[in-house]
Each structure stands twice: as C-alpha cells, then as structure tokens.
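Since the structure comes first, as structure tokens, the remarks are kept for the end.
Since this is a predicted model, take the numbers as computed values, not measurements. In what follows, chains carry the letters A, B, and so on, assigned in the order in which the sequence lines appear, proteins first and then strands, with residues in each chain numbered from 1.
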Protein chains: 2
Amino acid sequence: MNARSPNKRQFLDRPRILDVAISFADAHGVEDMTMRKIAGELNCGAMSLYNHVANKEELLTDMLDAVVGKIDTPDIEGDWKIAMRASAQSANRVLLNHHWAVGEWNLRMPGPNRTRYMESILAALTQAKLNDAIIYRGYHAITMHIVGFSQQQIGYQKMLGPNFHEIAEGFLSELGGNYPYLAYHVRAHLDEPEECDEFLFVLDLILDGLERAAQCS
Amino acid sequence: MNARSPNKRQFLDRPRILDVAISFADAHGVEDMTMRKIAGELNCGAMSLYNHVANKEELLTDMLDAVVGKIDTPDIEGDWKIAMRASAQSANRVLLNHHWAVGEWNLRMPGPNRTRYMESILAALTQAKLNDAIIYRGYHAITMHIVGFSQQQIGYQKMLGPNFHEIAEGFLSELGGNYPYLAYHVRAHLDEPEECDEFLFVLDLILDGLERAAQCS
DNA sequence: ACCTGAACACCGTTCAAGT
DNA sequence: ACCTGAACACCGTTCAAGT
C-alpha cells in the first residue's frame, strides 16, 4: 500500500517523467542524469520509462522543448525593440534557471514550443519593418546572443562555483605578474555588484545596429 | 617487432595522446570519444593512458587548450577593429574545424593558451583607447559572439547533417501552413550560397556599437 | 497495455601485478 | 618508470517474461 508497492499505480506518464527529469537536471546537471536515477525518483524500474519515452535522446529533446515553452514570446504590438528586450530577458532568466538547457539548444531539432518561439521572434522582426536581409541576419544575431551570452554566464558560474572568490583569487595568483590586462579584468569581476544589465547592453548593441543597418539600405 | 609488439616502445607521451584524442573527436565527436578507443588507436592498453594523463576531464581540458592555441591573436599594431576581425575570423575557422571544442569552451578553466588568448584580446581593446567599462563589457560581448555564433553554425550543421536539403524540406512540410515566417526563413537558408560573412556582420555590429558607446561616455 | 529483472555491450577508473 | 589485464561500479538498452 505504500509508494513502493507494485500494485499502487504510479500514474507513470510522459509529463511526470519529463517533470522529474527536468528537476533532476536542474539540481545535478544533465551529465549526471541517468535513466536509472530518474526511475529511482519515480519509484519504478528503469525499464518502465521506456513504455513512455523512446530513449534518452528523445527525453532530452522533450526536456529542452519544455524549457523553451516557459519563455515569454515578444509582444507583437508596440515598439519592437522593447518587445524583443522583454522576451530576451525572459529567455535569459529561464535559461539561467535550467543551466543544462543551453548546452542542448544547438544540438537538437526544434520541438513544437521552440518552433512557436522561432516564429514569434521572426514575426516581431517582420513587424519592425526591417528588410529581408536584416531580418535574416538579425534573427541569427539575436538568438545567438540569447543562448551564447546565457551560456557564458552559466559557464563562469560553473567554473567558479559557490566559492567564487577563492577560485578567482587562486587564478589571479597563478597568473603572477604576467597577463596584467587579464588580472585587471578578473579583479573587475570580483568587484562587480550586478551583471544583469550586461546582457541587455550587448542586446541593445545588436538591436540598435540592426535598426541602423536597415536604415542605411 | 611490429607495431603491436609489447616490446616496441610506442613513444607513448602526452602530446601524442593529445593529438590522437583531438583527431578522434574531430572525426567522431567528443561524445563518442572513449579512453579505450584512444588507446586502441595508439595500440596500447586503455590503462596506459593514465600514466600520462590524470583522467578524461584533464585530457579534455588540455584538448581544448591545444585548440585555442591555434587561434591567431589580434595584432596590437594598427586599427583595433581590423585586428579584432582577423583574430575573430581565425577563431571561427579553428572552432569550425574542431566542432566539439565549442561545447567545452565555457565548461573548463583556461589553460595556458587560453590565458594568453584572453590577455591578447584585452590588450587589443585597451590599445583601442576604449574606457574601462567598455573594455569590460566589450570583452564579454566579443568572446560571446565568437563562441556563440560558431556554436550556432556548428549546431545547424550537425542537426541538418550532410543531407541538408532533405531534412530542411522535411521540416518545412511538417510546419504545414502555420508558421509562415519560419518557413520563409528556412527557405532563405536553403537559397543562401555563403554564410561566412554573416559572422563578420554581427561582429561589426558589436565592434561599431562598442566604439560608439565609448565616444558617448 | 503496462511493468520489470536479467542480461548485453559498453563506460571510466582502481588496483595489484608485471617488466 | 612505465605498462597492463582483471575487476568494480556504473551506463543505455534489448528481450523475454510477468500482470
């Protein structure tokens, strides 16, 4: 009669597996995520998962698409740059919350959520009355920035870990007297209070540049 | 007396292991790279590798650093934007030649080559007489673009594979009538002859934006 | 229809034994 | 000092058997 009893139906279904897998990857990283461990958290045998999911690849593809589904789509009304900023910031927030997702983004074919997401970005750029060439390049530039910058942020977080200061200081002393510019840069990292506006700073570089390029042509 | 003979010294050393590992990852991807397979290509037992390398993690860290060592550093003389463009293009070329490297870039602490590379970028930005805040943000923007854009290019290449057209057409017919903007974008991909200047287009957006931001402040 | 244990073909790495 | 096979604790997944 308890949770581990074989007769107690576990309501094992696709969404529940997806939820548990995402939570596990959030907590321990996707490289530690194992079919056996997911099954363990669901109190079922590892092979039971395969009644609902073709294989681990498919599970990961669906996990990514579920995460993409959480991103706020740009509002088609009003100023396109403001809408794009809001959506990009939402994407950045979501990706930081699921730090494994950024590594899967460019490896997998888009699922339904990502397809919708792509369409919404392209729709917003078209709405902005940019010409075709700028929309084409702009789409790549914007999505590149969203996942690339998030990945860089996450990468630094992972490399430095919770004992941030200690590792950075260690790296600094390894540098010795050489590499003065790098030492200066690392020290700036240690002093900096907030990084969140840096994502938007670079995004604006791109958005403003696109607008300017469109006016020139 | 042949290569597989145990008495024939294999000159098994760190650089040789690194070379073979990089070639293997280039050919089959890092996810298929195995200590046992590397050993196989070196005609030695899997455990022999551990006499020269602490573990697979360390090997991957060194592989990435070796790849970074191939990137042309920006020339400190002359126009900073031209120098940065040349170096970024070199990085893009190197990363496309070692498509696994881009996934490791943000996961590992910099080795000696990457340390030198970071220093050279920061030196070039300082040489450009940009102010401290712009150098700080600009460094992140430029490196983000170099690895982020390369990763996006590689990701599309991997997803679509050699039978590029076929898969894209399949995706298009899956889209059906919905997602008109996305369908248009995918068709533009199919028509486009060259993508190599798109990397520079976005880089210039960033470089010009940095210069403009520096003048404003 | 759904679940599952045993088994297979792999991993990275430890260890004790070889030379 | 360098090499290595056996072994350990894992993987993802197949398959045949259960309900």
For this session: Taking only Lys NZ, Arg NE, NH1 and NH2, and the carboxylate oxygens of Asp or Glu, determine whether Arg85(B) and Asp204(B) approach each other closer than 4.0 Å.
Result: yes

Seminar exercise, completed: Only residue of Ile71(B), Val94(B), Leu200(B), Ile146(B) satisfying side-chain contact (heavy atoms from CB on, under 4.5 Å) with Gln89(B) is Leu200(B)

For this session: Could you tell me whether Arg14(B) and Glu58(B) make a salt bridge, using a distance below 4.0 angstrom between a side-chain N and a carboxylate O?
Result: yes

For this session: Please determine, for the side chain of His52(A), which listed nucleotide (dC3(D), dG12(C), dC3(C)) has the closest atom?
Result: dC3(C)

For this session: Check every strand shown and say whether Thr34(B) touches a base, only sugar-phosphate, or nothing at a heavy-atom separation below 4.0 Å.
Result: sugar-phosphate

Exercise. Want to settle it: does Arg36(A) or Gly45(A) sit nearer the 5' end of DNA chain C, counting the closest nucleotide to each?
Worked result: Gly45(A)

Exercise. Touch check for Met47(A), heavy atoms < 4.0 angstrom, all strands: base, sugar-phosphate only, or nothing?
Worked result: base

Seminar exercise, completed: Looking only at dT4(C), dT4(D), dT13(C), the nucleotide nearest the Tyr50(B) side chain is dT13(C)

Exercise. Under 4.0 Å between a side-chain N/O of Lys37(B) and OP1 or OP2 of dC11(C), yes or no?
Worked result: yes

For this session: Answer yes or no: does atom CD of Glu166(A) have more than 12 heavy-atom neighbours from other residues, nucleotides or ligands under 6.0 Å?
Result: no

Exercise. Given dC3(C), dT13(D), dT4(D), which nucleotide is nearest the side-chain atoms of Cys44(B)?
Worked result: dT4(D)

Exercise. Quick one: do Asp197(B) and Arg137(A) make a salt bridge, cutoff under 4.0 Å?
Worked result: yes

Exercise. What do the steps show when you test Asp72(B) against Ser87(B) for side-chain hydrogen bond (donor to acceptor under 3.5 Å, both in side chains), and what is the final call?
Worked result: CA-CA 5 Å; Asp72(B) 291 337; Ser87(B) 177; over 6 Å; no

For this session: Can you tell me which stems involve DNA chain C, if a stem is defined as three or more consecutive Watson-Crick or G-U wobble pairs, both distances under 3.5 Å?
Result: C:4-8 with D:12-16, C:12-16 with D:4-8

